[in-house]
Protein chains: 2
Amino acid sequence: MKRIADLSVFVSVVKAGSLSEASNDLGLSVASISKYISRIEQELGVRVLVRNARGLRLTSEGQALYVRVDTLLSQLNKAIAYVSACRDIPRGVLKVSSTIGLGRNRIAPLVSEFSKLYPDVTVQLSLGDRYVDMVLDDVDVAISIGAPEDTSLVAKRLMSNPCCVCASPAYLKGRKAPRHPKDLKRHDCLILDCHGSFKDQWRLEDEYGGQHHVKVSGNLITDNSETLREWALKGYGVALKSRWDIAEHLDRGELVQLMPRYRAPDLDFYMVYAGRDLLPAKTRAFITFLEENLERLKQPITDPVKA
Amino acid sequence: MKRIADLSVFVSVVKAGSLSEASNDLGLSVASISKYISRIEQELGVRVLVRNARGLRLTSEGQALYVRVDTLLSQLNKAIAYVSACRDIPRGVLKVSSTIGLGRNRIAPLVSEFSKLYPDVTVQLSLGDRYVDMVLDDVDVAISIGAPEDTSLVAKRLMSNPCCVCASPAYLKGRKAPRHPKDLKRHDCLILDCHGSFKDQWRLEDEYGGQHHVKVSGNLITDNSETLREWALKGYGVALKSRWDIAEHLDRGELVQLMPRYRAPDLDFYMVYAGRDLLPAKTRAFITFLEENLERLKQPITDPVKA
DNA sequence: GCGCGGCTTTGCGGTGCTCGAAAAGGCGCG
DNA sequence: CGCGCCTTTTCGAGCACCGCAAAGCCGCGC
């Protein structure tokens, strides 16, 4: 038994009471319906409908088939309809992952708002700076720094995220602040463990477009960007951080930018999701919601713990 | 969603964990399976399996589909398997109809025996001399007098059933017994209402093959052959009865055969069932059972009420 | 860095299925 | 006996589905 349609036609015929009646209901030719029934009987090896010019009758096998299959088919259709409706009706569990900094401060509030707009959607927000595999991990939308290489994914840039080299005054005290990228070699650099590979290759661009690659080194490595910030604040070393992430600390002088004439490449925020087609409504809703609230994402960070 | 196979493949893929694994289980090429999944997603409009070179993951819609469909499909398969098994395993309700005389005396005992042989078969024996429509009425096997005209039915002759004209001594007292078919016109004839049409055309054949048609008349008509017999026994008229039916009465002299040199055409017993193909095992079992016990059917009748 | 192997997808051609229209057959009714 | 209603059969066109083979993608190991 390969086709649902066979059983479906059978059920319809039983309900209609004749092939020609069912033909109207189903929009199939009578000839087709006759062949459907015949095929069922061939496959089962048992007559289910005794039919001749005078009318139809269910055999007891047909009766047995009918009562079992009728409810099962309608349940099956309901199940299919439910899933199919997810294309148009936002509902179900939406899994969002985000980097920690942005997540805690910007995404989380937006998520709670989104959740109010779509009460049938349960948002599951997971924060972390480690690499997120959209396939293996269970994520519908990921907000990440930098676009993934995976070509099957769609990455939309949410906002620019310029970076800078910085350190705390405490660290700089008694040290000679670097004036040139190559000076970094003599400093304790705080290294981000990003996507499993250490970010110890810093690229800096001078005012004239010259590229300077430095392989930095240090004894502290973390995959958590907030920890990196903490370390920098406590004077453990020189960090390459996004300005957005440390704006308030720069303002308050808790961190100072080093070598302002050398720009680190932007590590922009991206919204990543799997393909443009076949997205469920919940995901599309979230994506457009995020795009519509882009402005609120861009406001400088304020640590909620201290606020 | 037209094909059960689509969903079935989907479930298998989820269980197997990869297309290639499922390919082994199902005996389909990987390419085919890939197209199955794609087709499901196109039909539903929602991605159910995120898949790339690194592995598979159910989306939450896929998860919803899987949990719903898995059990439904197995139930559906069970239902189909149950009905399909009826081809080989005798079980279920078997509806048998029979003429009253033979039914009470011969078929009923055989039915009870049959029922012991096949405990999973419930036999529903319905007795009556009225016409049985194999299609509209709910009958698997009919034992009838004479073969039906319906060409879609199979009629197997069970045994010969010679007939004779008879009356009781009480009726004949003071009357002149008929010596020739045309004499019947002057007698009260008991008429059988057979299949809705009155059997008032009696055909008799003389020793030399000559055919004599007589339209008889009388005031008593019944569709019940036993009632006809009772009437004849009570002397209400002349009856055309099967010898088999009245053997004991002839033996005891309660009825006497009239015009023994004129033979009425045989009204043989037939076993009628719907087609040779697609018969469920229960019906085939009953048919062969009846054929194997033909000899016991042929023994002369003994009214169980009087025995 | 580069090829290898495993995974999925895509393109292709042939087979077989499924469709509707039309013809055929059965049956009841007038 | 023809008419109307029902189902089945036949037939040709079109499409769906299959497996094969090639391609794309990724991670691993040399």
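Since this is a predicted model, take the numbers as computed values, not measurements. A note on names: the letters A, B, ... follow the listed sequences, proteins ahead of strands, and every chain is numbered from 1.
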Protein-nucleotide distance (B:Glu41, atom CD; C:dT8, atom C1'), rounded to Å | 12 Å
Starting from P on D:dT7, measure out to CZ on A:Phe10 and report it in whole angstrom.
-> 15 Å
Under 4.0 Å between a side-chain N/O of B:Arg39 and OP1 or OP2 of D:dC17, yes or no?
-> yes
Taking only side-chain nitrogens and oxygens of B:Ser20, does any of them come within less than 4.0 Å of OP1 or OP2 of C:dT8?
-> yes
Taking only the side-chain nitrogens and oxygens of A:Arg3, find out if one of them lies under 4.0 Å from OP1 or OP2 of C:dC17.
-> no
To the nearest Å, give me how far apart CG (A:Asp277) and C1' (C:dT9) are.
-> 15 Å
Taking only the side-chain nitrogens and oxygens of B:Ser34, find out if one of them lies under 4.0 Å from OP1 or OP2 of C:dT9.
-> yes
Is there side-chain contact between B:Val272 and B:Ser144, with at least one heavy-atom pair below 4.5 Å?
-> yes
Would you mind reading off the distance between B:Glu43 atom CD and D:dA16 atom P, rounded to a whole angstrom?
-> 11 Å
Between D:dG19 atom C1' and B:Leu26 atom CG, what is the distance in whole Å?
-> 15 Å
NA contact type, B:Ile33, heavy-atom cut-off 4.0 Å: base, sugar-phosphate, or nothing?
-> nothing
Hey, does the side chain of B:Ser29 come within less than 4.0 Å of D:dC18's phosphate (OP1/OP2), counting only N and O?
-> no
Side chain of A:Leu56: nearest nucleotide among D:dT7, D:dC20, D:dC18?
-> D:dT7
Please check if atom CZ in B:Arg203 has more than 12 non-hydrogen atoms from other residues, nucleotides or ligands closer than 6.0 Å.
-> no
To the nearest Å, how far apart are A:Ile40 CD1 and D:dT7 P?
-> 15 Å
Whole-Å distance between C:dC27 C1' and A:Leu19 CG?
-> 16 Å
Checking only heavy atoms, does the side chain of A:Lys35 share a donor-acceptor pair with the base of D:dT7 at less than 3.5 Å?
-> no
Candidate list A:Arg87, A:Lys282, A:Arg91, test side-chain hydrogen bond (donor to acceptor under 3.5 Å, both in side chains), partner B:Glu61, passing option | A:Lys282
If only side-chain N and O atoms of A:Arg51 are considered, is one of them under 4.0 Å from the OP1 or OP2 phosphate oxygen of D:dT8?
-> yes
Is the distance from OP1 or OP2 of D:dC17 to the nearest side-chain N or O of B:Tyr36 less than 4.0 Å?
-> no
With respect to the side chain of B:Val30, which nucleotide from D:dT9, D:dA21, C:dT8 is positioned closest?
-> C:dT8
Can you tell me the distance, in whole Å, between the CG atom of B:Leu28 and the C1' atom of C:dT8?
-> 16 Å
Using a cut-off of 4.0 Å on non-hydrogen atoms, how would the nucleic acid contact of B:Ser18 be classed: base, sugar-phosphate, or nothing?
-> sugar-phosphate
Side-chain ion pair, B:Glu43 and B:Arg3, N-O less than 4.0 Å = no
For the pair A:Val216 and A:Asp200, evaluate side-chain contact (heavy atoms from CB on, under 4.5 Å) and give the outcome as yes or no after the intermediate values.
-> CA-CA 5 Å; A:Val216 301; A:Asp200 53 2; 4.2 Å; yes
Under 4.0 angstrom, heavy atoms only, what part of the nucleic acid is B:Gly17 near: base, sugar-phosphate, or nothing?
-> nothing
Residue from B:Val96, B:Val141, B:Val154 passing side-chain contact (heavy atoms from CB on, under 4.5 Å) with B:Met271 = B:Val141
